[in-house]
Amino acid sequence: MTIQKILVPDMGDFKDVEVIEVLVKKGQVIKKNDSLITLESDKSSVEVPSTHEGKIENINVSVGDKINKGDLILTLESKQETNGPVKEKSKKEPVKQKKQNEVVQVQQQQQPAPSVPALGKSSASPKIRKFARELGADISKISGTQRDGRVSAEDVKNFIRSQVTVSQGEVQKKEVTKYVEEYSHEEFGEITTQDLPRVKKLSGPHLVRSWTEIPHVTQHDEIDVTDMEQFRNSLYDYYTGEKIKVTPLAFIAKALVSALKEFPNFNASLNPESNKIIYKKYFHIGFAVDTPHGLMVPKLRNVDQMSIQKIGEELKNTSQLCRELKIDKKEFFGGSMTISSLGGIGGTHFTPIINPPEVAILGVGKTFDRLVKEKNQIVSKKILPISLSYDHRLIDGAEGARFCVYLGKCLGKDFAFKLAV
Ligand code: CAO
């Protein structure tokens with residue numbers, strides 16, 4: 001029987017890291033690689049695994065302690081052989097000596113630091129780590145979809161789902177279906193292949209997650225924007241007399257903010273785990289940008305506080321930053337709702353895919369002319385096709401329809417009043 005000292009391993013360039021969780025108890029029998037404590041820096045948290053199996057003799061750290069590489073975490077009564085002592089720089093009490101007349105011969109051994117991911121690389125909160133542990137998932141195998149690759153509860157669930165399927169009460173290993181084409185493409189003629197661009201590689205899983213997990217409803221509508229278009233085309237700079245060029249998208253973004261104020265369920269996110277709805281008090285509108293690298297969805301912050309002209313300028317600047325790959329990654333997160341406008345290209349209705357954790361997205365087509373009968377006269381109207389997709393778990397069809405009607409009003413006759421609010 002030996003006494004093993006389990007020390008704080010090398011975690012990269014970090015000092016005085018806080019212990020936020022002690023995952024074991026004195027007297028507990030643990031296996032090699034069982035998690036002992038969770039450490040958290042300002043960037044991330046990491047669990048420290050045991051290098052040995054055995055019974056915990058003493059725990060030398062507690063929650064709130066600030067520790068460094070080489071500090072003593074705990075001592076273990078172990079039958080395992082050790083790799084020989086290494087230098088210890090524990091601040092804590094050394095392991096208590098056993099009495100000489102004890103039957104078991106006690107050797108004090110120290111363990112080299114186990115290898116754990118450097119702090120700042122492993123990325124999941126202690127709550128999520130605990131959640132993963134409870135479900136028996138190895139957090140290091142789960143790729144995070146959140147900012148900086150942080151793992152969310154949803155990622156853990158997806159991982160579990162990908163590992164097993166529950167059928168008639170039994171948990172079975174899921175068969176991974178590989179689709180093999182019966183004939184190769186080359187058999188039908190000449191082909192070339194190239195790598196999927198990086199942006200598409202990154203956005204692919206996000207789109208699949210949205211499409212397969214969110215019950216989408218897409219509502220199509222048409223908005224009479226004749227007045228708005230007249231107004232837009234009549235904008236001139238007061239001082240220079242030059243025409244101000246603002247695309248319809250700036251008006252739509254402003255109108256969308258009015259609709260979000262009226263229908264807070266659209267400016268929300270769902271936490272299916274806690275069955276909670278998160279309502280956002282800010283109005284950060286995402287807009288899809290077509291770039292040579294793939295689709296990007298940056299956010300315009302605080303659109304409620306911007307004039308139409310300012311929104312127009314920000315749309316131009318931000319889409320330029322995306323196309324030049326100069327946009328900050330953070331700008332792709334923290335949105336209220338997204339607009340996907342194909343109005344500059346063409347087409348009418350389509351099915352926009354929700355950009356989670358948002359719960360709705362507005363698709364915009366190209367404005368077209370339509371002849372309508374008004375007061376016994378045939379007049380030409382400018383019609384804007386819209387397609388609103390929403391998460392049916394939170395938003396009902398009736399609310400979706402009301403949202404479209406309201407948006408129509410904001411962009412219709414009383415647009416000036418609504419947009420000014
Ligand atoms: N109806 C008619 N004309 C429209 C219009 C609409 N709904 N929306 C824009 N236009 C006009 C603009 O007024 C502009 O006209 P001028 O050249 O006469 O000034 C022209 O179309 C081009 O506009 P734009 O596309 O450059 O600017 P925008 O503000 O409308 O859009 C941006 C900016 C970044 C959204 C756009 O450039 C873009 O990338 N769109 C593609 C988005 C996309 O890919 N969505 C699909 C996502 S799902 O895969």
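Each ligand, and each atom within it, is numbered from 1 in the order the structure gives. For the numbers below, each heavy atom of this structure counts, side chains included, while hydrogens, waters and symmetry mates do not.
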> Can Lys299 be said to sit on top of Phe333's aromatic six-ring, NZ or CZ under 6.0 Å from centre and within 45° of the ring axis?
Replying inline: no
>> Heavy-atom distances under 4.0 Å decide this one: backbone, side chain, both or neither, for Arg323 against ligand 1?
In response: side chain
> Taking distance alone, with no angle check, do Ser319 and ligand 1 share an N/O pair under 3.5 Å?
Replying inline: no
> Backbone or side chain, does any N or O of Thr247 fall under 3.5 Å from an N or O of ligand 1?
Replying inline: yes
> Under a 4.0 Å N-O cut-off, is there an ion pair linking Arg232 with Glu229?
Replying inline: yes
>> Please tell me whether His216 and Ser389 have a donor and an acceptor in their side chains that are separated by less than 3.5 angstrom.
In response: no
> Between Lys381 and Glu374, is the closest basic N to carboxylate O distance under 4.0 Å?
Replying inline: yes
> Nearest to atom 31 (O) of ligand 1, what protein heavy atom do you find, and at what distance?
Replying inline: Leu249 CD2, 3.7 Å
>> Please list the nearest protein heavy atom to atom 49 (O) of ligand 1 with its residue and the distance rounded to 0.1 Å.
In response: Leu295 CD2, 3.9 Å
> Looking only at side chains, do His206 and Asn355 share a donor and an acceptor under 3.5 Å apart?
Replying inline: yes
> Among protein heavy atoms, which sits nearest to atom 18 (O) of ligand 1, and what does the distance come to when rounded to 0.1 Å?
Replying inline: Lys245 NZ, 4.5 Å
>> Among Pro248, Gly343, Gly294, Ser340, which one puts a heavy atom closest to atom 46 (C) of ligand 1?
In response: Ser340
> Going by atom types only, do Thr338 and Glu358 share a side-chain donor-acceptor pair under 3.5 Å?
Replying inline: yes
> So is Arg232 in contact with ligand 1, going by heavy-atom distances below 4.0 Å?
Replying inline: yes
> Does an N or O from Gly365, backbone or side chain, lie closer than 3.5 Å to an N or O of ligand 1?
Replying inline: yes
> Nearest non-hydrogen atom to atom 43 (C) of ligand 1 belongs to which of Leu207, Thr351, Leu342, Val364?
Replying inline: Leu342
> Between Glu314 and Arg301, is there a side-chain N and carboxylate O pair less than 4.0 Å apart?
Replying inline: no
> Which residue owns the protein heavy atom closest to atom 2 (C) of ligand 1, what's the atom, and how far is it?
Replying inline: Thr367 N, 3.5 Å
>> In this structure, does ligand 1 have an atom that sits under 4.0 Å from one of the heavy atoms of Gln320?
In response: no
>> Looking at Arg393 and Asp391, is any side-chain nitrogen of the basic one under 4.0 Å from a carboxylate oxygen of the acidic one?
In response: yes
> By number and element, which atoms of ligand 1 are closer than 4.0 Å to a non-hydrogen atom of Ser341?
Replying inline: 40 (N), 41 (C), 42 (C)
>> Protein heavy atoms near atom 15 (O) of ligand 1, is at least one of them under 4.0 angstrom away?
In response: no
> Which of the atoms in ligand 1, numbered in the order shown and given with their element, are less than 4.0 Å from a heavy-atom of Leu384?
Replying inline: 7 (N)
> Have Lys280 and Ser269 got a donor and an acceptor in their side chains that come within less than 3.5 Å?
Replying inline: yes
> Got a protein heavy atom sitting under 4.0 Å from atom 8 (N) of ligand 1?
Replying inline: yes
> What residue and heavy atom of the protein are closest to atom 20 (C) of ligand 1, and at what distance?
Replying inline: Gly344 CA, 4.2 Å
> Under a 4.0 Å N-O cut-off, is there an ion pair linking Lys157 with Glu213?
Replying inline: no
>> Does any part of the side chain of Phe287, heavy atoms only, come nearer than 4.5 Å to the side chain of Ser340, both counted from C-beta?
In response: no
>> I need the nearest protein heavy-atom contact for atom 35 (C) of ligand 1: residue, atom name and distance, please.
In response: Ala288 O, 3.4 Å
> Which residue owns the protein heavy atom closest to atom 39 (O) of ligand 1, what's the atom, and how far is it?
Replying inline: Asp290 N, 2.9 Å
> Looking only at side chains, do Asn267 and Tyr282 share a donor and an acceptor under 3.5 Å apart?
Replying inline: no
